[in-house]
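Right, one structure below, let's go through it.
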Amino acid sequence: MNRRPRLRLAGNLLLIAGGLVLAYPLWSAGYAQVQQTRLDDSYQDSSVAFAATTEGSASTAKPDVPESELIRTAALTYTKLLDRGDVVGRLRIPHISLNRLIQQGTAGPSALDPDGDRGLLRRGLVHYAVTPLPGAGEPFAISGHRTTYGAPFYELDRLEPGADIFVETPYAKFHYKVVKTTVVVPTDVSVLLDRGYDLVLTTCTPPYSASHRLVVWAALKSATIRERSASPMH
């Protein structure tokens, strides 16, 4: 093979490689959307099943039991039913037009391993399983991609104090308000242990870099137990 064909082949390979790189955000977003649709179907089924299993306990609850305690009990019950990859609930942030399902992350010793939830993050948002579910304690922590695979948290940096955040689960609906945003190094897992906030959202920053983590902190404003006959909202 002389020089010219080799150069032509090298040029073609570079064009193909470049095309694949440019197409990566598109096909990864498509993959994430397909996975969200599948998760939504399974979430509908699991929510109906959960409502059926808790029907009796809700009807026999003492009338003087605070709603917060009913929600806490339901959250602990739902936690026991979740496996890795199951849907916890739905996160909605109107200010950035976000509406995504949240998956249960890896539990146990691998919970904080960066590779533990890598596959799940390609499908959508992931709950750090070392933190409790909404209503069961503080904080409920969620991770999501800033870029690629639909980039659910791409605009997370636009959230300012006072912005509304909603989490809907099979057992209750939660309304949070953003308190602050901070930037930390990836090894700083203390953000998952801060009991001063009810909701923590994390993602990589700046975009297209994993050098730091953007953290959004929010406080709970209200929690309402879900009617047993209600279906999850889309």
Side-chain angles (χ1 to χ4, degrees), residues 24-25 27-54 71 74-93 98-154 156 165-174 186 189 191-193 199-204 210 213 215-216 226 230-234:
Y24 177 68
W27 70 255
S28 65
Y31 172 84
Q33 184 57 51
V34 169
Q35 294 303 316
Q36 284 284 301
T37 300
R38 292 177 178 174
L39 288 172
D40 187 64
D41 292 339
S42 65
Y43 181 46
Q44 296 287 330
D45 294 340
S46 62
S47 296
V48 171
F50 178 74
T53 60
T54 57
I71 292 175
L76 294 175
T77 300
Y78 192 52
T79 300
K80 295 177 182 178
L81 301 176
L82 290 173
D83 291 323
R84 181 180 181 276
D86 289 345
V87 178
V88 171
R90 184 179 295 275
L91 176 71
R92 293 194 302 110
I93 308 179
L98 177 67
N99 186 342
R100 290 293 184 96
L101 294 171
I102 311 160
Q103 306 162 87
Q104 178 72 341
T106 303
S110 301
L112 296 179
D113 185 339
D115 293 326
D117 292 327
R118 192 180 301 276
L120 294 179
L121 285 167
R122 293 171 179 168
R123 298 162 54 181
L125 305 176
V126 178
H127 164 230
Y128 285 100
V130 293
T131 66
L133 292 190
E138 304 171 350
F140 174 53
I142 305 170
S143 177
H145 274 303
R146 186 80 183 273
T147 57
T148 70
Y149 292 98
F153 278 173
Y154 182 74
L156 209 63
I165 300 178
F166 301 92
V167 173
E168 298 156 357
T169 70
Y171 57 87
K173 295 182 288 184
F174 303 85
V189 297
V191 298
L192 306 179
L193 306 174
L199 175 68
V200 171
L201 310 178
T202 74
T203 192
C204 292
R213 296 291 182 269
V215 185
V216 173
R226 187 181 291 279
S231 58
M233 298 178 65
H234 292 264

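What you see is a predicted model, and the numbers here were worked out from it, not measured in a lab.
- Here the closest heavy-atom approach between residue Arg100 and residue Leu98 is recorded as CG-CD1, 3.5 Å.
- Distance CG/Leu192 to CZ/Phe140: 12.0 Å, rounded to 0.5 Å.
- Scanning both residues, Arg90 and Ile102, for their nearest heavy atoms gives C-CD1, 4.0 Å.
- You'll find the side chain of Phe174 reaches within 4.5 Å of the side chain of Ile71, heavy atoms only.
- Within the 4.5 Å cutoff, no side-chain heavy atoms of Val88 are placed close to those of Ile142.
- Taking the side chain as every heavy atom from C-beta outward, Leu121 and Ser143 approach each other to under 4.5 Å.
- Side chain of Gln103 to backbone of Val87: no donor-acceptor contact under 3.5 angstrom is found.
- Nearest heavy-atom pair, Val200 versus Val191, reported as atom, atom and distance to 0.1 Å: CG2-O, 3.8 Å.
- Here the straight-line distance linking atom CZ of Phe153 with atom CG of Leu125 works out to 4.5 Å at 0.5 Å rounding.
- A distance-only check finds a donor-acceptor pair linking the side chain of Thr203 to the backbone of Arg146 [under 3.5 Å].
- Proximity of a side-chain donor or acceptor of Asp86 to a complementary backbone N or O of Gln104 within less than 3.5 Å is not detected.
- Between Gly137 and Pro132, the closest heavy-atom pair is C-CG, 3.5 Å.
- No donor-acceptor contact under 3.5 angstrom links the side chains of Thr77 and Tyr171, judged on distance only.
- Between the side chain of Arg226 and the backbone N or O of Thr169 there is at least one donor-acceptor pair closer than 3.5 Å.
- Taking a 6.0 Å sphere around CZ of Phe166, one finds it holds more than 12 heavy atoms contributed by other residues, nucleotides or ligands.
- Annotation: the span from Leu193 atom CG to Tyr128 atom OH amounts to 11.5 Å, rounded to 0.5 Å.
- With rounding to the nearest 0.5 Å, the separation of CG in Leu120 from OG1 in Thr106 is 6.0 Å.
- The two atoms that bring Ala75 and Gly135 nearest to each other are CB-C, 4.4 Å, heavy atoms only.
- Atom NE2 of His145 sits about 14.0 Å away from atom CG of Leu156, to the nearest 0.5 Å.
- Not a single side-chain hydrogen bond (donor to acceptor under 3.5 Å, both in side chains) links Tyr78 to another residue, sequence neighbours left out.
- Going from atom CZ of Arg213 over to atom OG1 of Thr202 covers 7.0 Å, rounded to the nearest 0.5 Å.
- Leu201 places a side-chain heavy atom less than 4.5 Å from the side chain of Ile93.
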